[in-house]
Amino acid sequence: MTQHTASASPPGATHPKHSTWATGGTVFAGILMMVSGVIGVLNGIAGIAADDVYQRVGTYVYEFSLTAWGWIHLVIGVLVAITGWGILKGADWARGVGIGLAALYMIEYFMFLPYAPVWSVISIAIGVFVMWSLATSARTTTTP
């Protein structure tokens, strides 16, 4: 007769499949942050260099000049890219900062909706995924 017993895992241990998915999601979030940050920097440079790069769709409550939007994109893009690099390197500070910057990134693109509606919606979705991934990923530290 065969007896089936459940193996006891140490406290804090995660299922290998879940750990793999969490690690993959975190790596993907870091890559998305780096790419989105670089795109934000390029958008910022374009907005600073020429005020006629983006065409506004009607009037909007959160109306800034395109030069101001260029600086906003540039600064947040640099911060997002650096944080994405930190996430890929496994820096302890990067997860918390990444969640905060992803929230700021989402707010930025919500306010930028009239200028680039399709890209803004895509960027908001990227921000949601990054926040979810960083908030649910397990720490990769080992316990003795």
Worked verdict on V41 versus H73 for side-chain contact (heavy atoms from CB on, under 4.5 Å): CA-CA 6 Å; V41 168; H73 283 303; over 6 Å; no

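- Note that CD of E108 is 10.0 Å distant from CG of L101, once rounded to the nearest 0.5 Å.
- A chain of hydrophobic side-chain contacts below 4.5 Å, direct or via other Ile, Leu, Val, Met, Phe, Trp or Tyr residues, connects V27 to F129.
- The heavy-atom pair separating I99 from M131 by the smallest distance is O-CG, 3.9 Å.
- Contact annotation: the side chain of W119 approaches that of N43 to within less than 4.5 Å [non-hydrogen atoms, C-beta and beyond].
- Taking CD1 of I76 as the reference point, atom OG1 of T83 lies at 11.5 Å (rounded to 0.5 Å).
- For the atom pair CD1 of I82 and CE of M34, the computed distance is 10.5 Å after rounding to the nearest 0.5 Å.
- In this structure, the separation between CE on M111 and CH2 on W69 is 4.5 Å, given to the nearest 0.5 Å.
- From S36, atom OG reaches atom CD1 of I122 across 10.5 Å, with rounding to the nearest 0.5 Å.
- Inter-residue side-chain proximity for I87 and M33 is flagged as met; some heavy-atom pair is nearer than 4.5 Å.
- L42 and I126 end up in different hydrophobic clusters when Ile, Leu, Val, Met, Phe, Trp and Tyr side chains are linked at under 4.5 Å.
- Scanning both residues, S133 and T26, for their nearest heavy atoms gives OG-N, 3.3 Å.
- Applying the ring pair (Phe, Tyr, Trp, His ring centres under 6.0 Å) test to pairs two or more places apart or on separate chains, those with a residue in residues 77-108 are Y105-Y109.
- Between L113 and V121 there is a side-chain heavy-atom pair separated by less than 4.5 Å.
- In terms of hydrophobic clustering, with Ile, Leu, Val, Met, Phe, Trp and Tyr side chains grouped at heavy-atom distances under 4.5 Å, V38 and L104 are assigned to different clusters.
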